[in-house]
Amino acid sequence: MLSTVRVAPLQRVSHGGSGPHRRSRSTAPWLRVLCWLLLCVTTTAWAEQSLVQGARVWTDPDKTRLVFETSAPIGHRLFPIDEPHRLVVDLDDARLMTELPKVDLSDALLVGLRSGPRGDHHLRVVLDLKQPVRAKSFVLSPNERYAHRLIIDLTPREGAVGRRVALPTFPGAMPGRVGSRGDAPPAFVVAIDAGHGGEDPGAIGAAGTKEKDVTLAIARELARLIDQEPGMRAVMIRDGDYYVGLRERIEIAHGHQADLFISIHADAFSNPRARGSSVYTLSHSGASSASAKWLAKRENRSDRFGGVEASNTSDLLETVLMDMTRNATLESSVDAAALVLTHLGRVNELHRSDVQRAGFVVLESPDIPSILVETAFISNPEEERRLRDRAHQRKLAQAIMAGVRVYARNYPARGVMVDTSPRGLREVVIHAGDTLSGIAQRYQVSLRALREHNGLKNDVIRVGQVLSIPEDS
Ligand SMILES: [Zn+2]
């Protein structure tokens with residue numbers, strides 16, 4: 001009897017718990033999964049003992065990410081155990097120098113983590129799971145912020161828990177969306193991208209304010225305002241403290257057929273006196289200034305901190321498109337940026353009074369007009385304080401909303417009914433070739449009324465300037 005007791009658990013494990021014994025031993029699914037996992041792991045042995053200096057968990061609607069930060073590259077193996085579901089992470093020549101993180105109750109996959117030594121030199125971390133998972137691991141080399149990192153991404157083995165939508169086939173057509181949205185009434189969809197998140201805190205203020213927290217707060221406020229607006233709908237690219245790759249952000253916006261993409265950030269500079277808001281669009285051919293170029297380079301580092309696998313390429317962005325589409329998208333982007341900038345200038349000082357351009361990866365959507373808002377300088381102690389203030393966050397969101405409202409009236413979503421009479425357009429962005437008298441004529445207002453309404457001393461206007469059209473004339 002004793003031997004039966006000992007054998008039973010082994011049989012249970014080897015047959016996956018419920019499988020009948022006639023199932024072929026050589027093709028058991030658990031065995032195939034195990035073989036696959038063993039093929040995928042890093043098996044390099046390191047003489048030096050790695051110190052695990054940091055361990056973090058990030059909960060995302062699609063996956064749970066576990067990060068081990070180590071003093072040296074680390075060899076590891078992953079293997080699943082069922083009943084109850086666990087994932088074992090064996091780290092070679094490693095010692096834990098930190099506490100294992102607590103797991104959020106809302107996490108769909110993880111219950112918690114525990115660890116113990118394995119032999120004299122090795123470390124074992126056990127992940128207690130709520131359901132069977134698929135695990136994928138990769139390593140990242142050190143950068144300015146982090147030492148070596150081992151990333152383990154967990155996704156549910158069956159189905160998906162995510163809120164993100166699948167990518168539709170890429171239309172490769174003109175700006176705006178192609179394709180049906182089902183029975184839902186058409187809405188102007190604004191994708192709101194809270195910059196940074198998770199492993200990537202973004203810039204950090206002198207008082208410790210993290211850019212990723214401020215951007216999320218302002219993004220949520222903006223989403224609330226957009227959802228209150230008739231005929232508009234907001235999509236949050238991230239809605240929690242986790243990292244989404246820059247190209248994945250574009251793909252999520254695309255999956256939701258967004259009409260406009262707004263990336264929210266907070267600026268930082270070595271001089272703490274630098275202050276004010278600025279708005280950027282993409283430039284394929286050089287930046288509008290040296291500081292714009294520097295800023296884009298800094299924002300583009302996000303993927304290195306956030307943790308994106310090197311092989312992660314995007315089909316969407318490799319699609320070859322007509323220049324015409326890109327140019328039309330860029331022109332709409334500049335209009336949206338000019339409108340948002342004008343309204344931001346009413347609630348905050350402007351760092352740059354013109355729309356700026358630089359090579360931001362997150363703005364590279366070929367067919368969704370995209371802008372990046374640097375709300376204020378988190379490196380300026382006064383602006384850092386205001387960025388944390390709920391009332392000021394709301395003011396910034398309201399200003400962005402005011403610009404979006406005018407933009408949506410000028411560039412309605414396909415199928416959305418709008419008042420197209422000239423009086424319906426209260427603000428207009430100046431394009432190359434526009435003259436003040438031409439605009440007065442187009443909107444059937446007198447030149448004098450237009451000049452007075454906008455406080456113009458003469459008839460000189462510049463590209464990107466926003467003029468508001470008087471109601472009565
Ligand atoms: Zn940023």
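Order of listing sets the numbers, starting from 1, for every ligand and every atom in it. Residue numbers run from 1 in the order of the sequence given.
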Between Asp60 and Lys63, does at least one N-O distance fall below 4.0 Å, as a salt bridge requires? yes
What protein N, O or S atoms come within a distance below 2.8 Å of the Zn ion (ligand 1), ordered by chain and number? His196 NE2, Glu211 OE2, His265 ND1, Glu299 OE1, Glu299 OE2
Cationic tip of Arg249 within the cone over Tyr243's six-membered ring, i.e. under 6.0 Å and within 45° of the normal? yes
Between Glu69 and Arg56, does at least one N-O distance fall below 4.0 Å, as a salt bridge requires? yes
Charged N-O contact under 4.0 Å between Glu144 and Arg304: yes
Is it the case that the side chain of Glu211 and the backbone of Ala266 share a donor-acceptor pair, with hydrogens and angles ignored and the cut-off at 3.5 Å? yes
Under the rule for side chain to side chain donor-acceptor pair (under 3.5 Å), what residues qualify as partners of Gln356, not counting sequence neighbours? Ser288
